Amino acid sequence: MPEGHSVHRLARQFQDVFGGRRLDVSSPQGRFAAGAQVLTGHTMVEAMAHGKQLFLRFDHELFLHVHLGLYGAWNFGGDSTFTGASSIGAPRRIGEKESGPAADDTGYVGPPPPVGAVRVRLVSDHGWADLRGATTCAAITSAEAQAVLDRLGPDPLHNRGGDRDEFIRRLRRRKTAVALLLMDQSVLAGVGNIYRAEVLFRQAMDPWTPGSSIGVESAGQLWDDTVDAMSDGVRDGRIVTTPPTVWTGGAAMAPDADAHFVYKRDGMPCRACGTIVGMTEIGARKLYWCPGCQV
DNA sequence: GATTAATGCTAAA
DNA sequence: TTAGCCTTAATCT
């Protein structure tokens with residue numbers, strides 16, 4: 001469910017509610033029992049994200065490494081101290097999903113009985129977090145965490161010095177179609193199927209353009225627009241790639257139906273040129289694009 | 001009530 | 001190239 005923006009929001013959420021707190025770690029489902037035992041009782045020092053990877057660093061320098069995959073999600077709950085600590089603007093969404101059972105201000109005595117396959121449960125004095133459906137969930141060393149980071153490209157949501165140039169290098173190094181390169185986490189980390197389609201449209205770029213034939217300037221603009229689009233996603237907790245001018249009825253927030261230019265709009269006329277939006281499978285994922293604008 | 005598709009990726013075949 | 005993870009919402013009978 002999530003692209004990079006959701007994972008960055010999660011990292012902020014974890015930092016806010018669990019930063020500096022001692023956690024009880026368990027695995028109600030059982031598959032993470034060994035990892036839970038290694039982490040439980042320790043203090044979560046820092047939460048961080050790179051692309052779609054989430055790392056929680058504990059005070060003995062072990063990390064909880066989580067990748068949500070296609071349908072993993074975290075649910076949070078707790079007392080008013082806990083939920084009030086979040087700095088993420090409303091509406092709070094976790095893994096693009098409303099955050100579980102609401103906090104019960106008055107009667108909070110602890111987390112509810114786990115529902116379904118809860119791989120990990122984190123519990124502090126004031127709240128809890130449940131993980132289900134994740135692809136990756138492991139307790140790892142800092143060396144192992146570094147190894148995960150080493151195979152990832154630059155993250156547009158960090159956009160550190162040198163990241164832009166590094167992306168340009170990695171993109172132009174290969175002859176693969178740009179539509180595939182944008183989904184390759186070793187080229188850049190955090191973009192998924194929605195941002196891939198939407199940014200290519202916004203840049204009027206043919207999805208089948210080989211990376212090697214993209215100019216330095218175009219590649220740089222592709223990075224800049226990805227930074228913009230994903231930063232909006234972190235702010236909104238939602239992927240909206242269209243400007244207010246295309247939102248029906250002059251709405252203050254984008255109606256879901258108007259949030260994208262091409263994603264899941266196959267068979268409908270392009271918002272810009274009227275050409276019917278196309279869809280095809282590439283790399284086992286659906287690619288949406290406008291044959292009129294993206295040439 | 002059953003089936004499918006989904007903002008992803010790994011590992012087995 | 002395909003199965004698998006094992007959730008959820010939307011779409012189907």
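These numbers were taken from a predicted model, which means no experiment stands behind them. Letters go in sequence order (proteins before strands), and every chain restarts at 1. FYI, side chains are in, hydrogens and waters are out, and symmetry mates aren't considered; it's all heavy atoms of this structure.
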* Under the side chain to side chain donor-acceptor pair (under 3.5 Å) rule, collect the residues that match up with A/Gln294, sequence neighbours excluded. => none

* Rounding to a whole Å, what distance do you find between A/Met279:CE and B/dA5:C1'? -> 11 Å

* To do: Answer yes if the side chains of A/His50 and A/Asp155 hold a donor-acceptor pair under 3.5 Å, and no otherwise.
  => no

* Using a 4.0 Å heavy-atom cut-off across all strands, classify A/Arg119 as base, sugar-phosphate, or nothing. => sugar-phosphate

* Heavy-atom contacts under 4.0 Å between residues 259-271 of chain A and DNA chain B, which residues? -> A/Tyr263, A/Lys264

* Whole angstrom is fine here: how far is it from CG in A/Asn193 over to P in B/dT7? => 5 Å

* Structure fact -> Among the nucleotides B/dT10, B/dG8, C/dT7, whichever has the atom closest to the side chain of A/Leu70 is B/dG8

* Rounded distance in Å - NE2 (A/His50) to P (B/dG8) -> 16 Å

* Over how many whole Å does the gap from A/Leu182 atom CG to B/dC9 atom C1' extend? -> 17 Å

* Under 30°, 30 to 60°, or over 60°: which ring-plane class applies to A/Trp289 and A/Trp208, parallel, tilted or perpendicular? -> perpendicular

* Structure fact -> Closest of B/dA6, B/dG8, B/dT10 to the A/Lys286 side chain is B/dA6

* Structure fact -> Separation of C/dT8 atom C1' from A/Asp130 atom CG, nearest Å, is 16 Å

* Determine the interatomic distance between C1' on C/dT1 and the same-named atom on B/dT7; round to the nearest Å. => 24 Å

* To do: State whether A/Arg285 places a side-chain N or O below 4.0 Å from either non-bridging phosphate oxygen (OP1 or OP2) of B/dT7.
  => yes

* Taking atom types as modelled and ignoring hydrogens, do the side chains of A/Asn75 and A/Trp128 form a donor-acceptor contact shorter than 3.5 angstrom? -> no

* Asked: Rounded to the nearest Å, what distance is computed from the CG atom of residue A/Leu287 to the P atom of nucleotide B/dG8?
  -> 13 Å

* 4.5 Å side-chain heavy-atom contact, A/Met253 and A/Val240 -> no

* **B/dT10 phosphate, OP1 or OP2, under 4.0 Å from A/Arg151 side-chain N/O** => yes

* Structure fact -> Rounded to whole Å, OH of A/Tyr288 lies from P of B/dT7 at a distance of 6 Å

* Geometric class of the A/Trp74/A/Phe14 ring pair [parallel <30°, tilted 30-60°, perpendicular >60°] -> perpendicular

* Look at the side-chain N and O atoms of A/Gln185 and state whether any lies under 4.0 Å from the OP1 or OP2 oxygen of B/dG8. => no

* Could you work out the separation of B/dT10 and C/dT8 based on their P atoms and round it to a whole Å? => 23 Å

* Asked: Is the distance between the ring centroids of A/Tyr195 and A/His5 under 6.0 Å?
  -> yes

* To do: Between B/dT10, B/dT7, B/dA6, spot the one nearest the side chain of A/Tyr71, thanks.
  => B/dA6

* Rounded distance in Å - CH2 (A/Trp74) to P (C/dT8) -> 15 Å

